[in-house]
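A short worksheet on the structure shown next.
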There are 2 protein chains.
Amino acid sequence: MTDRSKIVVIDDELEMRRFLKHSFDPAETEFFEADNGVEGLRVVARTNPDVVLLDLGLPDMDGIEVAKQLREWSQVPIIVLSARGREKDKIEALDAGADDYLTKPFGVGELLARIRVTLRHVSRVKGAIVEPVFEVGDLKVDLPKRRVLVNDVEVHLTPIEFKLLAMLIRHAGMVLTHRQLLIEVWGPAYSDETHYLRVYMGQLRHKLESEPARPKYITTEPGVGYRLLTE
Amino acid sequence: MTDRSKIVVIDDELEMRRFLKHSFDPAETEFFEADNGVEGLRVVARTNPDVVLLDLGLPDMDGIEVAKQLREWSQVPIIVLSARGREKDKIEALDAGADDYLTKPFGVGELLARIRVTLRHVSRVKGAIVEPVFEVGDLKVDLPKRRVLVNDVEVHLTPIEFKLLAMLIRHAGMVLTHRQLLIEVWGPAYSDETHYLRVYMGQLRHKLESEPARPKYITTEPGVGYRLLTE
DNA sequence: TGCGTCAGTCAAGATTTCGTCAAGATGGAC
DNA sequence: GTCCATCTTGACGAAATCTTGACTGACGCA
């Protein structure tokens, strides 16, 4: 971490953003802010920060939803800062992909210490970062914007199709087993519904491949799963 | 994480240990306990757990000290469970190497959610750092990605072929008996079907060796089994 | 030499898994 | 309520994989 750490704060309260801004040393930290969820996602996509501080009570969308959407294309550590102190909220946030949960009001010292912890994790993980824009052949996928282009023409994907494709992209080049895909996209209760995969892989190929019957991108590993080719 | 997760609890209060023990599903979790710091360090060393739950108020040494000593040789995630709620304690613990800090009393649900978060980190790190790519001669095998290259050209293996090769690689250089291979790949009921091995070793050689009739990699140990040469 | 055992090769079914199509079922917007 | 996009489910031919058996050759041994 030779460079300054980049931090994004997503919170609608101006005072909270100011308070946080003054909690960091500008010599060590680049500070970005957003006052709603949509803007927050955009800022994260643009700045590729080291940590995201996320408030749950946003004007346009729930913070949990922001965390989930972020997790579809980014591994950035998310620390939730919330006035909601109920256990249920914490569990939900953590399971949605948050890395830590602090209940307001909190001490600056503790926040900084918890940020240090997450940065420790990141430095261990680095190398597993995924570019937010995936490109191979005629296919371009901008995960944060949820846009898919084939030959520079936008293609519409349904929610499940997109989730499937995002999962394949996050592990591009690797074989993902039927089980892994089903659990990640449909949930643990669906881990045996391999038929869903056949149907949806077919739909994806139909939308993305020039020759769906002879796929260039999404290949089948018979008896095992599927793989997205990287070149 | 096919196996059960291993959890070590270091806490001097018997009730707390019992409470925690009953919070986990024994089908998913192996549970170890220690009621003081020295014993705790020993248990961690012996069991190599996935998570450590650490109380700060131990009879023989301070929990912070336990965390520091642990960090000298282990990366295992540490979640501190403490009655001390002061910010100073939290900061100290987190900077000593703890990954999270929960103030007693806490809800089981939240604890479990935070454990899930740390396990998520671990599995990410494991996948990122360990790179078990096997290489010998013209043959490259990336087990996690399930990719096999011969002369940098990808070769497709069927599920059984891949399982066989993976088994050989995990024990490269050693002789694996017919029995061992059959039990591992086909299951205990097939331990006498040596004919399967002949057929599949033939197929593997055909796909991997330049001269299948005079194999460089997969050699036969007559009457015993097969061996994958390492150089 | 003749016999039995073991290993390797080949290929024909048998079986499992895939891809495709399309008809309901579902659920949200209006 | 209707309409629309999406998801779920079933049916069936195609493809890949697995199993099985027949045949060959190598080797050791009586």
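Below, each value reflects all heavy atoms present in this structure, side chains not excepted, and no hydrogens, waters or symmetry copies. Lettering follows sequence order; numbering is per chain, from 1.
Using a 4.0 Å heavy-atom cutoff across all strands shown, A/His206 reaches no nucleic acid atom at all. Contact annotation for B/Leu197: no contact, since no heavy-atom pair falls under 4.0 Å across all strands. Note on B/Tyr226: only backbone sugar-phosphate atoms sit closer than 4.0 angstrom, heavy atoms only; bases stay farther off.
Using a cutoff of 4.0 Å between basic side-chain nitrogens and carboxylate oxygens, B/Glu221 and B/Arg227 are scored as salt-bridged.
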Please list, one pair per line, the donor and acceptor atoms closer than 3.5 Å that link side chains of residues 180-192 of chain A to other protein atoms, with sequence neighbours excluded.
| unit_1 | atom_1 | unit_2 | atom_2 | d |
| --- | --- | --- | --- | --- |
| A/Gln180 | OE1 | A/Thr177 | N | 2.9 |
| A/Gln180 | OE1 | A/Thr177 | OG1 | 3.3 |
| A/Ser191 | OG | A/Arg179 | NH1 | 3.4 |

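Proximity note for B/Pro159 (side chain, C-beta onward) versus C/dG19, D/dT17, C/dC21: the nearest is D/dT17.
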For nucleotides 11-14 of chain D, list the nitrogen or oxygen atoms of the protein found under 3.5 Å from its nitrogen or oxygen atoms, one pair per line.
none

Below 3.5 Å between N/O atoms, which protein atoms pair up with nucleotides 28-30 of chain D? Just atom names and distances, please.
none

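Relative ring orientation between A/Tyr226 and A/His178 is described as perpendicular, the plane-to-plane angle rising above 60° on a 0-90° scale split at 30° and 60°.
Regarding contacts with the backbone of D/dC18, a side-chain N or O of B/Thr158 is found under 4.0 angstrom from either OP1 or OP2. At the phosphate of C/dT17, neither OP1 nor OP2 sits under 4.0 Å from any side-chain N or O atom of A/Arg198.
Counting non-hydrogen atoms of neighbouring residues, nucleotides and ligands closer than 6.0 angstrom, the CZ atom of A/Arg18 reaches no more than 12 such neighbours.
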